[in-house]
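A short write-up of the structure that comes next.
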Amino acid sequence: MKVDTRGVAVREAWWGKVGEARHLGLVAALVLLAIVGVVTKPDNFATASNLVSILSLAATIGVITVGMTFVIIGGGIDLSVGAIMALASVWATTLATQSYGPFVMVVCAVLVGTGAGLVNGLLISYGRLVPFIATLAMLVAARGLAQRMSDRKTQLIQSGNTAIVELSTTRLLGIPLLVYIFALVVVLGWVLLNRTTFGRRTYAVGGNPEAARLAGINVRRHTMLLYALSGLCCGIAAILIMARTTTGSSTHGDLYELDAIAAVIIGGTLLTGGRGTIIGSILGLLIFTLITNLFILNGLNTSDQLIAKGLIIVVAVLLQRRNLKERAP
Amino acid sequence: MKVDTRGVAVREAWWGKVGEARHLGLVAALVLLAIVGVVTKPDNFATASNLVSILSLAATIGVITVGMTFVIIGGGIDLSVGAIMALASVWATTLATQSYGPFVMVVCAVLVGTGAGLVNGLLISYGRLVPFIATLAMLVAARGLAQRMSDRKTQLIQSGNTAIVELSTTRLLGIPLLVYIFALVVVLGWVLLNRTTFGRRTYAVGGNPEAARLAGINVRRHTMLLYALSGLCCGIAAILIMARTTTGSSTHGDLYELDAIAAVIIGGTLLTGGRGTIIGSILGLLIFTLITNLFILNGLNTSDQLIAKGLIIVVAVLLQRRNLKERAP
Amino acid sequence: MLVIRGVVKQFPGVRALDGVDLDVRAGEVHCLLGQNGAGKSTLIKVLAGVHQPDQGTIEFGGRQVRPSSPIDAIRLGIATIYQELDLVDGLSVAENILLGHEKSSLGFVHRSATNKAATAVLARLGHPEIRPSTEVGRLSPAAKQVVSMARALSHDARLIIMDEPSAALAHDEVANLFRIIRELTAQGVAVVYISHRLEEIREIGDRVTVLKDGRTVAVGLPAHETPTSQIVSLMTGRNVEYVFPPRGSGRGREVLRVEDLSSPGAFAGVSFSVHAGEIVGLAGLVGSGRSEILEAVYGSRPSSGRVLLEGKQIRSAVAAVRQGMGLAPEERKAQALLLDQSVTANITLGTLPGFSRFGWLDRARERAEAKRLVDTLDIRPHDPERPIKTLSGGNQQKAVLARWLLDERKLLLLDEPTRGVDVGARAELYAVIRKLAEQGIGVLLVSSEVPEVLGLADRVLVLREGRVIHESAAEGLDEHRVLDMIMEGSAA
Amino acid sequence: TSNEPAAAPSSAAPAPAPAASGNDQPGQKVVIGFSAPAADHGWIAAIAKNAEATAKQYTDIEFKPVEPTNDINAQISAVESLIAAKVAALVILPNDGQQLNQVALQATAAGIPVINLDRVFPDKLAYRTWVGGDNYGMGVAAGHHVGKKLKDKGVANPVIVEIQGIATLPLTQDRSKGFADALKTYGFSVTAKQDAKFTVETGNQVATSLLQAHKKIDALWNHDDDQGVGVLAAIKEAGRSEFIMVGGAGSLNAMKEIQSGTSVLEATVTYSPTMASSAIKLARLIAQGKGMSDLVENQVPQSITLASETITKENVDKYLALGFES
Ligand SMILES: Nc1ncnc2c1ncn2[C@@H]1O[C@H](COP(=O)(O)OP(=O)(O)OP(=O)(O)O)[C@@H](O)[C@H]1O
Ligand SMILES: Nc1ncnc2c1ncn2[C@@H]1O[C@H](COP(=O)(O)OP(=O)(O)OP(=O)(O)O)[C@@H](O)[C@H]1O
Ligand SMILES: O[C@@H]1[C@@H](O)[C@H](O)OC[C@H]1O
Ligand SMILES: [Mg+2]
Ligand SMILES: [Mg+2]
């Protein structure tokens with residue numbers, strides 16, 4: 001009997017995963033960008049404080065990207081992430097909420113995020129709306145609600161509740177707490193996706209919903225949970241953005257949806273669902289963050305930044321295009 | 001030759017198509033919105049001038065929506081439409097271009113649009129980038145380029161070239177010329193999609209690229225052409241926006257991609273490709289435009305508008321959800 | 001154990017089941033027969049909880065049941081192997097097998113237990129070479145079929161339904177399948193078995209139920225005693241001779257010439273030619289590289305060597321079609337069909353230029369031609385405007401073949417052309433293929449059914465592990481000898 | 001129906017006091033249309049609120065705001081609908097003056113006086129009166145504040161950083177030009193500039209990386225106090241305090257920071273959204289054919305430019321009442 005030569009790579013550890021062929025292109029792109037950074041700004045780029053800065057910048061949207069990865073692998077899309085984050089940040093920083101102290105604010109942000117995600121999930125699973133439309137509607141409505149609640153004002157975190165701001169200012173081993181939160185979310189997301197039935201079923205639901213249903217998976221409920229999970233991530237992201245900006249605002253998270261989706265897709269997850277990795281998404285996101293950081297360090301103006309960004313995206317993806325070719329037209 | 005007994009149902013006129021079951025929900029939503037308009041603003045809504053105003057508002061993005069419908073049916077997506085339109089409008093209104101007169105400006109807009117679309121197409125077909133990423137890169141790069149060309153300034157159409165502005169100001173039977181252009185693009189798009197081999201192949205390429213390839217269709221070339229077509233539509237849209245605003249600007253068409261995609265999807269086209277109609281997309285777009293118009297007339301404040309808009313989208317789509325259910329998770 | 005009475009299932013425009021009765025006893029193999037579109041798959045989907053019946057009763061294990069979802073059916077102890085593959089490409093073999101009932105605690109998957117369980121089932125199926133960690137998307141159709149079976153076996157089911165499990169299997173694999181079925185029935189498990197290969201029914205079946213146009217026309221006939229002719233006439237309402245059309249008068253000029261064709265990992269050093277009016281059959285085991293040879297000839301798989309169609313080299317599928325080739329691929333759903341489109345659009349896809357002038361479609365002619373083929377090949381229902389996804393598997397297969405019958409092709413590549421096609425239609429298909437040859441077309445045929453290759457082809461190439469080990473006229477070749485060559489390589 | 005204008009809303013928003021002159025006598029009833037960009041940040045929100053609050057003060061104004069939007073195409077449509085409704089006067093804050101020029105011309109041609117607020121139409125035929133802030137002047141004020149401080153400290157070759165608002169707005173370019181021109185008089189120039197998008201978050205992001213790019217900064221000018229909240233958060237997070245910072249527009253937050261005396265933000269240059277109140281008042285007068293009672297002229301002037309004032313710890317108390325909540 002023949003031996004299947006294709007089934008070798010099995011029991012790799014996580015560092016093996018990062019180095020996996022499919023992520024090699026991304027890692028190469030990151031390394032290239034880092035080299036550019038070191039060469040152009042030797043004194044500023046490779047400093048501990050700049051690296052911490054980059055991670056702090058990536059943290060908020062990074063948390064959202066984790067949730068987005070689940071949704072996209074599960075065959076959906078979530079356009080409402082930025083708006084949900086804004087709504088959660090506003091709700092958690094109203095005078096009423098703030099009067100209960102930081103713990104309640106955190107709980108509030110998480111609940112609002114998860115709740116809004118759940119509404120998305122219900123509309124999509126049981127209301128049978130296409131995800132693009134349901135979450136677009138949520139985007140518009142959540143921003144509207146956030147504006148209404150805040151009366152379009154930026155809501156400052158008050159002096160009694162600075163515990164939240166400390167997530168950004170307090171450092172452990174030189175690294176702000178919010179970076180640890182980001183890391184924790186990534187690790188938990190990775191475990192959930194790769195080590196639990198929930199994660200494995202997410203691939204099934206996205207890759208072949210009909211097959212998943214025939215295998216006895218409750219596809220609707222699962223889909224609903226994916227959006228709730230994404231909402232939960234938005235709630236956590238809301239806490240991070242509150243910590244960073246010391247505010248809640250209906251303008252937070254503008255266009256996050258595009259950035260998060262782009263990171264996920266650059267990371268090798270297919271928009272059609274059923275395939276993808278958290279590590280890829282995070283690498284994709286870091287590429288974006290690194291690009292912006294490099295541009296600002298080098299004092300490029302926005303127009304040139306945009307042109308260069310377009311080119312870099314193309315190059316980064318061409319570097320890893322081999323993995324994508326299976327599905328390319 | 002045998003007579004196909006069902007041939008009757010086939011030879012429907014276009015009004016039959018609009019009334020088709022799958023569009024009924026959309027038509028119902030439109031009618032509902034119109035009723036709301038008539039009831040809330042009896043003197044303003046159902047006037048000829050308001051209807052013309054709605055169509056003028058819809059024209060620019062409408063032309064883009066036609067191209068987007070092709071791309072999405074063909075299994076792709078085009079995020080760069082707004083940016084390409086901006087770039088075309090800027091290029092066509094530089095002092096250099098303007099010195100050659102309106103005809104050259106029109107040609108320039110069309111060529112720039114088509115050219116940028118072609119670049120998308122090449123990256124996707126032959127560079128094997130996923131469409132989301134390729135067109136996202138084009139989005140950023142084209143906006144950057146437009147900013148650079150215009151030095152971030154709005155470029156006015158000069159007095160010698162008002163022929164272009166007249167597309168918006170000259171009326172035939174009370175209707176501005178640009179509405180006729182919009183109508184023409186829709187009709188041509190419909191014919192191309194429904195009456196030619198190109199259209200038929202578009203469905204094949206989007207529905208099952210592997211099957212299309214094995215049936216002898218040059219999937220890559222076809223895919224490339226779809227993006228060029230979308231770019232062409234952006235070029236035409238650039239002319240319309242130049243006419244309406246009397247300017248070329250790098251800020252034109254901001255977020256048009258979301259609106260156009262949303263219109264196409266509300267119209268019943270699947271993001272996964274292989275299905276959809278131009279008529280549906282246009283109906284979807286008119287729903288959006290009508291909502292905006294109603295808000296304008298009723299002077300709602302923004303936050304409430306957004307909330308209401310979210311709800312209306314959900315309701316409009318629930319009205320037609322039956323057609324989508326097959327693919328819902 | 002299972003008693004079905006008067007089940008009715010209505011789809012928009014079609015009454016797929018129109019009063020079906022069925023009795024299945026514990027420990028028996030109950031065969032379900034019927035023409036393409038008779039309602040077999042629909043019936044088992046009702047049992048599996050995929051569809052809900054409009055009328056009728058189902059009694060299982062002495063209880064009235066009404067499975068409202070696949071989970072329900074699985075919990076009742078009904079496992080199903082579906083006609084269309086139902087696997088998740090992105091997951092591993094093991095994950096697919098245990099999907100929905102993973103080995104886990106507190107939601108965490110036990111990976112070693114999962115792999116162990118999968119290895120055990122695969123070994124039981126006689127396929128230890130399929131590794132549990134391989135991604136399913138990388139497997140061949142046959143290997144996928146094995147995984148599908150493994151999944152059904154991994155449930156502790158009291159009733160296992162198999163919808164054409166052998167359609168994608170070659171001879172030795174079918175023997176393996178039968179061994180498993182016997183094991184199962186010995187343990188008291190009931191099996192409902194669907195197949196269009198009547199000789200299989202005879203070999204494995206205990207009793208037979210025949211469906212026709214959504215109704216039961218015979219319940220529980222003894223499988224061994226009932227004459228084939230009776231079964232066939234019950235199914236089709238007429239007498240069909242299960243014979244191959246007489247071979248042609250002779251071969252014409254050379255249409256296809258293949259020289260030293262190789263594709264790494266699939267086959268090597270393959271040379272042969274096909275003449276006008278000739279049907280050349282490729283016989284071999286699953287994985288012997290037959291499909292790959294067809295793909296390479298068609299220009300859609302990278303290869304070295306030369307492929308000449310009437311002297312012109314073919315380098316891409318686009319060129320192949322333009323020069324007059326046509327391919328009916330192996331996996332109809334993945335490789336051939338536009339599921340959302342009408343039967344007409346599917347049939348005319350390969351020959352659109354013939355229906356257009358300057359890109360403008362002549363839709364009336366298109367419809368008329370499609371209608372003609374739908375009638376000729378008896379694609380049911382006889383409505384070319386219906387979305388093809390609402391057709392039964394066998395009827396979809398006929399539509400795939402119809403695609404290349406519209407104009408005069410020079411060479412047809414047919415990969416498992418009769419997969420899932422019923423007895424009656426098969427005879428018609430054979431006749432159609434032979435007629436095409438007689439009109440001067442060359443045909444390259446791949447089939448896992450050796451009798452089909454021997455009966456239909458003029459010349460046979462036998463493949464083993466990617467190499468041609470034998471070539472001769474089909475006339476006089478004996479099935480057993482071919483099987484020996486295929487399996488042991490004893491030959492040449 | 002009182003002779004007095006309706007009471008100002010009790011909200012903390014700085015409702016401008018009614019002018020103490022004859023102009024406030026109720027006159028002929030007028031419909032005033034109002035169109036502005038989407039109120040997605042503090043300054044524009046304050047504009048919309050001030051316009052509405054002022055309109056409510058007059059019993060003879062019927063206020064007709066239309067959907068605020070950031071899409072030019074939709075704003076054109078909105079103005080068209082106001083023209084069709086035959087309002088007596090139009091107050092327009094265009095997303096882009098050039099792009100809305102034509103539709104303003106249409107309004108004027110239809111006999112509707114257009115009061116142009118803030119972002120200016122290029123064509124004087126397109127509007128009756130312009131009222132707005134002095135963007136160039138704002139840059140100049142900020143430049144002088146920074147220049148003088150650094151000169152006094154005796155800093156040579158100072159590192160001066162600028163965080164702009166939305167780069168594609170003409171007003172951003174005016175502000176930067178004013179800033180550069182004023183600095184030049186001290187022999188200084190801007191070391192680095194980046195644009196943000198008027199939001200807290202973008203201000204925060206841009207500032208975070210800018211602070212990495214420049215390890216030592218002498219002065220920072222941030223064009224907009226809305227985004228300034230984020231800029232300040234980034235500065236605190238980085239633990240930097242070696243420089244002076246100047247804000248722009250004059251939000252309440254910024255004023256409180258200045259008042260505290262402990263913040264790097266030591267001044268802000270005004271660009272007050274109260275201009276919306278003035279615009280409504282002017283629209284009313286123009287529609288009623290009145291002049292301004294404090295001026296000798298029979299008609300409202302053609303343009304009014306607010307001065308950009310510099311708020312520092314010394315004079316902040318005087319301005320607190322005018323600060324808008326960002
Ligand atoms: N989802 C559906 N919608 C509409 N009609 C359907 C659908 N599924 C099946 N049918 C129709 O029901 C009838 C029975 O189909 P079914 O698949 O049960 O046949 P079958 O006996 O399994 O045939 P085959 O041997 O070809 O697999 C056919 O006429 C088919 O076209
Ligand atoms: N049971 C299996 N397990 C793992 N890999 C397999 C198995 N069967 C086939 N393969 C792989 O798939 C490749 C192609 O097989 P494929 O089935 O397409 O060949 P074929 O000769 O066309 O047979 P078929 O008649 O099934 O089409 C083989 O090279 C082999 O590596
Ligand atoms: O929107 C702008 C505002 O934010 C800025 O501060 O001043 C000018 C306005 O147009
Ligand atoms: Mg079947
Ligand atoms: Mg094969």
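Quantities reported herein were computed from a predicted structural model and do not represent experimental measurements. Here is the naming used below: chain letters follow the sequence lines, and residue numbers restart at 1 for every chain.
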- Query: Which atoms form the tightest heavy-atom contact between A:Ala211 and C:Val88, and what is the distance?
  - Reply: CB-CG2, 4.4 Å
- Message: Please classify the contact of C:Arg75 with chain A as side chain, backbone, both or neither, using a heavy-atom distance under 4.5 Å.
- Response: neither
- Item | Point-to-point distance, once rounded to the nearest 0.5 Å, from CG of A:Asn208 to CG of C:Asn96 | 9.0 Å
- Task: Check A:Leu214 against C:Pro70 and note the closest heavy-atom contact, atom names and distance.
- Result: O-CB, 3.7 Å
- Query: Would you call C:Glu135 and A:Arg275 a salt bridge, using N to O less than 4.0 angstrom?
  - Reply: yes
- Query: Rounded to the nearest 0.5 Å, what separation is found between the CG atom of A:Asn194 and the CZ atom of C:Phe108?
  - Reply: 11.5 Å
- Interatomic distance, CD1@A:Ile217 vs CD1@C:Ile71, rounded to 0.5 Å, equals 8.5 Å
- Do you know which of C:Gly49, C:Ala48, C:Ser69, C:Gly107 has the most heavy-atom pairs with chain A at a distance under 4.5 angstrom? C:Gly107
- Message: Is it true that, when you exclude C:Arg301 itself, more than 12 heavy atoms of the residues, nucleotides or ligands shown sit nearer than 6.0 Å to its CZ?
- Response: yes
- Message: Please classify the contact of C:His155 with chain A as side chain, backbone, both or neither, using a heavy-atom distance under 4.5 Å.
- Response: neither
- side-chain contact (heavy atoms from CB on, under 4.5 Å) assessment of A:Arg200 paired with C:Val109: CA-CA 9 Å; A:Arg200 303 325 286 171; C:Val109 179; 4.2 Å; yes
- Message: With a sphere of 6.0 Å drawn around CZ of A:Arg221, does it hold more than 12 non-hydrogen atoms of other residues, nucleotides or ligands?
- Response: no
- Item | Distance (rounded to the nearest 0.5 Å) between A:Arg201 CZ and C:Leu99 CG | 7.0 Å
